[in-house]
Each structure stands twice: as C-alpha cells, then as structure tokens.
Amino acid sequence: MSEEKNKTLKEITKNKYQYGFVSKIETEKFEPGLNEKIISLISNKRKEPKWMLDYRLKAYKILQNMKVPDWANLNIKPIDLQKIIYFAAPKKNQYKSLDEVDPELLKTFNKLGISIDEQKKIAGVAIDVVVDSVSVATTFQDTLKKLGIIFCSMSEAIKNHPDLVKKYLGSVVPSNDNYFAALNAAVFTDGSFCYIPEGVKCPMELSTYFRINEAGTGQFERTLLIAQKGSYVSYLEGCTAPMRDENQLHAAVVELVALDGAEIKYSTVQNWYPGDDKGNGGVYNFVTKRGVCYKNSKISWTQIETGSAITWKYPSCVLKGENSIGEFFSVAVTNNFQQADTGTKMIHLGKNTKSTIISKGVCAGKSNGSYRGLVKISKSADNARNFSQCDSLLMGQNCGAHTFPYIESNNKSAIIEHEATTSKISDDQLFYCKQRGIPEEEAIGLIVNGYCKDVLKKLPMEFAVEAQKLLEISLEGSVG
Amino acid sequence: MLKIKNLKVNTETEISILKGLNLDVNEGEVHAIMGPNGSGKSTLASVISGDPKYVIKEGVLEFLGEDVSEMDPEERAAIGLFLSFQYPVEIPGISLNNFIKTALNQKQKSLGLEPFSAKEILARIKENANALKINLDFIKRSVNVGFSGGEKKRAEIFQMLMLNPKLSILDETDSGLDIDALKIVASGVNKLRSENNSFIIITHYQRLLDYIKPDFVHVLSDGKIIKSGGPEIAKMLEEKGYDWI
C-alpha cells in the first residue's frame with residue numbers, strides 16, 4: 001500500500017458520525033438496574049394488564065439461568081445489566097397533532113432527515129418513531145385503518161389488541177430462545193406492532209425509526225408483524241444514536257408471521273453509533289429476528305448494517321409451510337474497530353421450500369466481519385432448495401473477513417449450493433476510475449456500491465439512495 | 001499541447017523503462033507510436049496519464065503548458081487527458097451508463113461547472129452510441145464485465161467521445177479487433193478529430209493507420225524514440241519489420 005493510500009485510509013477513520021448529536025429533550029427515566037421491581041415499574045408505567053407483567057417476570061426468571069452467548073467471533077467486554085437504565089422516555093409522548101410535539105423533538109427528526117409531516121405523506125411512508133424507550137409518533141394510522149391495517153406502537157397494541165398480542169408475542173422467538181431474547185422479553189419498553197388483514201396489500205411502506213438519546217439507557221424494542229393469508233407488506237426500520245464514550249446496549253426482538261400465501265419484505269438500515277476511531281463507545285447491537293412462513297408464503301430480509309460497535313444478528317426464516325420461500329440479503333460494513341457477526345438461519349421444514357442467501361461483507365480499518373449462517377433441511381422437507389452466496393471485500397491490511405457457513409441436510413432430495421469469494425479493490429480498478437476523472441473517494445464509493453448492488457436493489461426505492469450514500473460515508477477513502 | 005523532454009521513468013521496483021524520451025504533440029495533431037514489444041509504449045501511455053505504478057526519475061512532462069508530473073490522474077483527466085486502456089478493467093455492478101455519467105459530472109465539478117442534466121447526458125449518450133453502432137442495452141451492462149475484446153475497445157472509444165478530451169491516448173485499441181470493429185473505432189476517432197483535439201495512437205500495425213491518418217509516426221525502441229517521420233515510416237515497418245531501422 002502506497003503512502004498516499006495510507007493517508008487516505010487514516011483520513012476516513014476521522015470521518016464524523018453525522019447523527020451523533022444529543023437532543024435536550026426532557027426525559028423521565030428510572031434508576032439503573034435490573035430486578036423484579038424495575039420490571040413491575042416498567043409494566044406499571046405502561047399501564048399493562050397483568051398477563052403482560054407475568055410474561056415479563058417469567059422471562060426474567062429464564063434470563064437468570066442464562067449466559068451471554070460466547071460462540072460468536074466477537075470480542076465483547078462484559079455487559080453489566082445492573083448499570084443500565086431500562087426506562088427513559090420523552091416526558092410527553094403520543095401526540096395527537098404535530099403542534100403538541102416538543103420542538104426539540106421535531107428538531108431531532110429534522111436532523112435525522114425524517115419529517116413526520118407533509119413530505120413523507122407525499123412519499124407515502126407511514127412512520128412509527130421510537131425514541132429511547134417509547135413510541136412517540138405514528139403517522140397515517142387513519143389511512144391504514146380504513147384497510148383494516150393496524151400499525152401502532154407495541155404499548156397501544158397491548159392495550160387495544162390484546163388477543164392478537166397474546167396469540168403471537170413470543171410465538172416465533174420464545175423468551176428462552178437466547179440470553180438477549182430473554183432480556184428483551186423481560187424489559188422491552190416499546191416497539192412497533194403491525195397487522196395486515198387477509199388479502200390486503202399494504203399500499204405504502206411501513207417504517208419504524210429508532211433513536212437512542214439518553215445516556216446509559218438500553219434500548220429494547222419489540223416488533224411484531226403479522227401478515228394474514230394472502231396479504232403483502234413492506235416494512236423498513238432505521239436506527240441512529242448519539243456519540244457516547246460508553247457502550248450502549250440495544251437488544252431487540254423482531255417476530256414475523258407470514259400466514260398462507262402472505263409476503264413480508266422486511267428491510268433494515270442500521271446505523272447505530274459505531275464508536276470512535278480508537279474503539280471507544282458505540283452501540284452493542286444484539287438482535288434476534290425471526291420469521292415463520294406458512295404455506296406458499298414468503299419472507300425477505302434485507303439489511304444494510306453499517307453502524308454499531310458490535311453487531312450480533314441473524315435474521316432467520318422458519319419455512320414451515322409447503323412451497324414457502326425465505327430470502328436474506330445483507331450488506332455488512334465494518335470500519336475502525338467495529339465487529340460484526342451476522343448472517344441468517346434458513347430452517348426448511350415444509351416440502352418444496354426454497355431459500356436464497358446473499359451476503360456481502362465489506363471490512364475496512366481494524367475491523368472484523370463474519371458471516372455466520374445455517375441452512376438446515378429437515379427430514380420432512382422434500383425437494384428443498386437453497387442457494388447461498390457469501391462475498392467479502394477487504395480494504396487495507398488490518399481488517400479481517402470470516403465465513404462460517406453451516407449446512408445440515410437430513411433429506412436426500414435437497415439441493416444446496418454455496419458460493420463464496422473474497423476480494424479487494426484493485427489498484428487497476430482505482431486507476432481506471434481516476435483516469436476517467438473520478439477521485440479516489442468517489443471511486444471507492446462507486447466500486448463498493450457496485451459490489452453491493454445485488455442487495456441494494458432489494459431495498460424499497462425511497463431508501464436505496466439513502467443506503468448508497470450511507471455506504472459511501474462509512475467507507476470514504478479506505479483502500480487496500 | 002503535450003511536451004515531453006528527456007523523460008526517464010522507472011517501475012516501482014526500480015526497473016528503468018523510459019530512458020530519455022522526447023515528444024511534442026501540438027493541437028490537432030495525430031501521432032502514431034510504434035515499436036517492438038517491451039520498448040515502453042504502454043509505459044509512456046501510463047506515465048502521461050499518471051499511473052502510480054511508474055516513477056518519473058528525470059525530465060519534463062507538460063500538458064497544456066502545465067507541469068503535470070505531480071498531478072493526480074483525476075486532475076489530468078479533468079483538464080482533458082484520456083487514456084483508452086489496452087486492458088480495460090471490470091467494475092461489477094456499475095453500469096457503463098452510470099459510470100460515464102459519474103465521470104462526466106465529476107469532470108464538470110472539477111472544472112467548477114454545473115452538472116449536466118439527465119436529458120443532456122441522455123442525448124449525448126444516444127448520439128455517441130449511434131456513432132459507434134452501440135446498442136443502448138449494452139450501456140446498461142456493468143463496466144467491461146463479460147465484454148468481448150471488441151466490445152471493451154468500443155466501450156473505451158464511447159467513453160472517449162462522451163468525455164470529449166483534448167488529448168486522447170489509444171493504447172493498442174486496435175489489437176483483437178476484426179475489420180468491421182476496427183472501422184467503427186476509427187470512425188469514432190475521426191469524429192472527435194479536429195484542430196483542437198490531439199491523439200497519440202499506440203499500435204503494432206499499419207492497418208489502423210489506414211483509417212486514421214497520422215501526421216507523425218514515431219518508432220520507440222528501448223525507452224527512446226529512435227525514428228520520427230510521416231506515415232511512410234509505418235508502411236516501411238509493415239514491409240520490413242523493425243530491423244529495417
């Protein structure tokens with residue numbers, strides 16, 4: 001690597017995280033610590049019914065007998081659950097009209113580039129915004145209501161649609177699934193709930209925006225999405241956090257249920273604060289995402305992961321019904337000292353089930369990126385098919401890319417294909433671009449976007465451009 | 001336009017390639033450079049366009065009256081230098097269309113000009129694609145990925161026409177082309193040829209020069225120009241080989 005490139009590589013590491021501001025919103029928060037009393041307080045604060053409190057306390061009991069998983073290719077500092085604040089909320093929440101909203105909060109939205117007013121109406125995106133622990137605004141509820149679609153915060157769902165919540169909450173990711181799922185079940189404070197009735201094609205993108213604001217708080221949101229028979233929905237979540245010296249914990253659970261013939265597209269643009277160029281601070285992102293596919297249904301996960309100090313995340317599909325389809329498209333970018341261990345699980349149970357995995361890792365700086373995936377074909381899954389492609393792009397000489405693909409086939413009729421590549425941006429590619437007048441940073445952005453194109457094109461149009469820019473910002477100038 | 005004086009160039013690994021080369025190219029001139037394998041033709045093209053793989057040890061390299069020896073390749077491109085690569089590199093996932101748009105507007109930006117509108121660009125793309133008998137579907141394909149040898153060269157000439165450079169260097173653009181493709185490529189060059197645009201054409205064969213009439217022909221051998229003259233030199237080389245000199 002030439003001197004000049006070393007210099008540019010250093011320059012990017014100075015790249016500022018543009019969402020790293022803190023909003024001075026008046027918040028109400030609990031003392032740090034985790035115990036039954038805190039859990040009861042959370043439940044109480046949210047005026048939850050007793051069944052919900054019981055659900056939480058049961059999860060807390062499970063949690064006490066579990067350990068932080070250590071099988072991932074991650075170096076995690078011990079997490080002290082007693083030092084985390086489990087509830088923080090802007091003092092006034094759930095606004096009926098925009099006039100009621102705290103101007104500081106509106107400023108925050110503007111800085112984030114989300115306007116919960118006219119602009120988005122034109123774009124036709126319904127948004128639920130979750131700041132720290134609670135949902136502060138959900139737009140378009142009325143329009144959606146006419147179609148029978150429920151799109152609201154989890155707290156409202158518990159209040160207004162208890163039967164649906166009781167039936168599906170924990171049905172895909174049970175509390176005893178893993179340590180972070182148990183923690184989430186015990187202390188989750190809000191999140192989004194979405195229900196699409198039979199045969200309804202949701203006419204707009206549904207979107208949730210997550211923001212951690214308060215210091216020392218964990219964010220534990222819970223998302224539950226149910227697509228009834230023959231329905232369709234496209235859902236997108238985005239996340240940011242302020243710059244903090246200490247590590248903040250984010251442990252979310254997302255459950256998707258695609259009933260017969262339903263289709264769910266779930267896209268994530270994850271841009272939590274990744275920590276500084278010395279490896280201080282940044283969000284610990286431990287997320288459990290899973291969907292169940294019934295007969296003829298389809299779930300597509302698309303994720304663009306550029307943020308977080310640590311990412312531990314495996315959006316998965318349980319292909320229960322015949323002819324169901326699971327897809328996973330991922331771009332994971334790590335820079336500086338970021339670590340990512342991410343991938344998917346495709347569990348084939350039904351006949352003629354199909355899954356596709358396309359994972360693109362981009363590693364720069366001193367970061368480490370791992371793909372970890374499981375393709376499991378059970379005895380009952382006749383004629384199951386899987387195609388996996390795992391590519392890694394390395395930038396510089398101090399980063400690492402790792403691939404851990406697991407395949408378990410218990411049925412002879414299965415066809416499983418796996419392809420993997422590791423590559424670098426070549427000097428020749430860079431010179432070619434520069435000769436055409438494209439400077440180094442733009443050239444890298446262009447080449448990385450080209451490399452990720454198969455995944456980017458799966459994103460809803462409105463967000464594909466944002467995601468492309470995000471990739472360029474995350475990687476400006478890093479070459480090897 | 002281009003002034004090269006006593007240019008001595010080494011590779012990064014300190015192997016001497018150009019050993020005191022002199023060349024002057026004025027506005028509107030077409031210079032052909034011929035010479036045996038390993039004489040330094042491609043190195044010359046790379047050095048003029050700023051490839052970091054080569055190190056200038058001594059000499060003068062001026063373009064448009066400016067010393068460009070320390071300039072980044074993208075800056076040289078911005079002021080009007082173009083290289084048609086001998087081996088164009090693949091860029092997966094980026095369409096030729098998108099690539100050339102980016103290059104074009106990047107150039108505008110470097111010159112402090114407004115970007116072209118999508119409409120303007122499209123009109124130029126259509127015009128130049130037509131001139132080179134390029135199908136618009138071809139422009140949607142990823143840059144050089146899966147292109148045949150002929151398609152790659154045609155794509156290079158297409159980019160040249162789009163960027164409208166002052167000086168174009170064609171590094172063996174004719175090798176691997178069949179006669180029809182050769183004529184198309186030559187027509188592209190002739191389209192751009194004017195009293196303001198100059199060309200350096202690096203080739204092994206006389207046949208390209210049948211379609212692009214050079215003003216000067218130089219013979220490069222062991223890092224130096226050992227003979228210069230008119231088109232008749234190319235004919236003699238074709239007949240008698242390099243031993244003739």
Side-chain angles (χ1 to χ4, degrees), chain A residues 1-8 11 304 329 331 358 360 362 389 391-393 419 421-459 464-465 467-469 471-472 475 477 479-480, chain B residues 12 45-46 48-55 70-96 98-111 141-145 152 155-156 158-160 162-165 168-169 171:
Chain A
M1 200 160 58
S2 69
E3 279 290 307
E4 187 191 336
K5 279 182 197 157
N6 261 325
K7 208 177 99 203
T8 21
E11 273 166 17
I304 310 295
F329 305 105
V331 171
I358 296 180
K360 303 270 183 181
V362 183
Q389 185 187 334
D391 298 331
S392 312
L393 187 68
E419 288 178 10
T421 66
T422 303
S423 55
K424 291 182 114 182
I425 292 182
S426 74
D427 288 344
D428 288 344
Q429 280 177 323
L430 273 182
F431 179 60
Y432 189 83
C433 294
K434 286 180 177 184
Q435 205 300 307
R436 297 298 186 252
I438 304 170
E440 183 148 314
E441 298 205 339
E442 280 75 9
I444 291 162
L446 199 66
I447 294 167
V448 170
N449 270 313
Y451 163 80
C452 300
K453 193 188 167 200
D454 291 345
V455 174
L456 293 175
K457 70 183 181 196
K458 300 288 174 187
L459 282 176
V465 181
Q468 274 186 18
K469 278 191 202 137
L471 286 186
E472 280 163 26
L475 283 168
V479 194
Chain B
E12 276 181 320
S46 302
I48 298 173
S49 42
D51 188 335
K53 283 207 280 285
Y54 299 95
V55 186
E70 298 283 317
M71 230 185 226
D72 284 335
E74 60 269 31
E75 293 173 302
R76 301 184 202 195
I79 58 174
L81 191 75
F82 180 88
L83 171 62
S84 166
F85 285 77
Q86 186 179 2
Y87 303 110
V89 64
E90 296 184 357
I91 307 178
I94 296 296
S95 67
L96 182 54
N98 188 2
F99 183 72
I100 197 65
K101 275 183 192 167
T102 308
L104 209 53
N105 279 333
Q106 205 43 254
K107 191 172 168 178
Q108 290 294 100
K109 196 176 156 189
S110 314
L111 298 174
R141 288 169 59 187
S142 293
V143 178
N144 296 320
V145 178
K152 281 184 185 168
E156 293 290 290
F158 169 73
Q159 293 176 52
M160 181 186 82
M162 289 298 293
L163 292 165
N164 190 19
S168 307
I169 305 167
D171 189 3

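So that the names make sense, note that chain A is the first sequence line, chain B the second, and so on, each numbered from 1.
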For this session: Tell me, for A/Tyr432 versus chain B, whether the close heavy atoms (under 4.5 Å) come from the side chain, the backbone, both or neither.
Result: both
Problem set entry | Segment of A/Cys433 engaging chain B (4.5 angstrom heavy-atom cut-off) | both
Exercise. Can you list the steps and then say if A/Asp427 with A/Lys434 is a salt bridge (Lys or Arg N to Asp or Glu O under 4.0 Å)?
Worked result: CA-CA 10 Å; A/Asp427 288 344; A/Lys434 286 180 177 184; over 6 Å; no
Exercise. Which one, A/Lys453, A/Arg436, A/Gln429, leads in non-hydrogen pairs under 4.5 Å with chain B?
Worked result: A/Arg436
Exercise. Taking atom CG of A/Asp391 and atom OG1 of A/Thr421, what is their separation to the nearest 0.5 Å?
Worked result: 3.0 Å
Exercise. B/Lys107, B/Gln159, B/Lys109, B/Arg76: which one forms the most heavy-atom pairs within less than 4.5 Å of chain A?
Worked result: B/Gln159
For this session: Starting at CD of B/Gln86, measure out to OG of B/Ser46 and round the result to the nearest 0.5 Å.
Result: 9.0 Å
Exercise. Contact part of B/Ile91 toward chain A, heavy-atom cut-off under 4.5 Å: side chain, backbone, both or neither?
Worked result: both
Seminar exercise, completed: So CD1 of A/Ile447 and SG of A/Cys452: to nearest 0.5 Å the spacing works out to 12.0 Å
For this session: Below 4.5 Å from any heavy atom of chain A, which atoms of B/Asn144 appear? Answer side chain, backbone, both or neither.
Result: side chain
Problem set entry | Contacting region of B/Tyr87 [heavy-atom separation from chain A under 4.5 Å] | neither
Seminar exercise, completed: Here the pair of heavy atoms bringing B/Ala78 nearest to B/Ser110 is CB-CB, 3.7 Å
Seminar exercise, completed: When the 4.5 angstrom heavy-atom criterion is applied to B/Pro165 and chain A, the contacting part is neither
For this session: Report the distance from atom CD of B/Glu74 to atom CZ of A/Phe431, rounding to the nearest 0.5 Å.
Result: 10.0 Å
Exercise. With a 4.5 angstrom heavy-atom cut-off, which part of B/Glu90 approaches chain A: side chain, backbone, both or neither?
Worked result: backbone
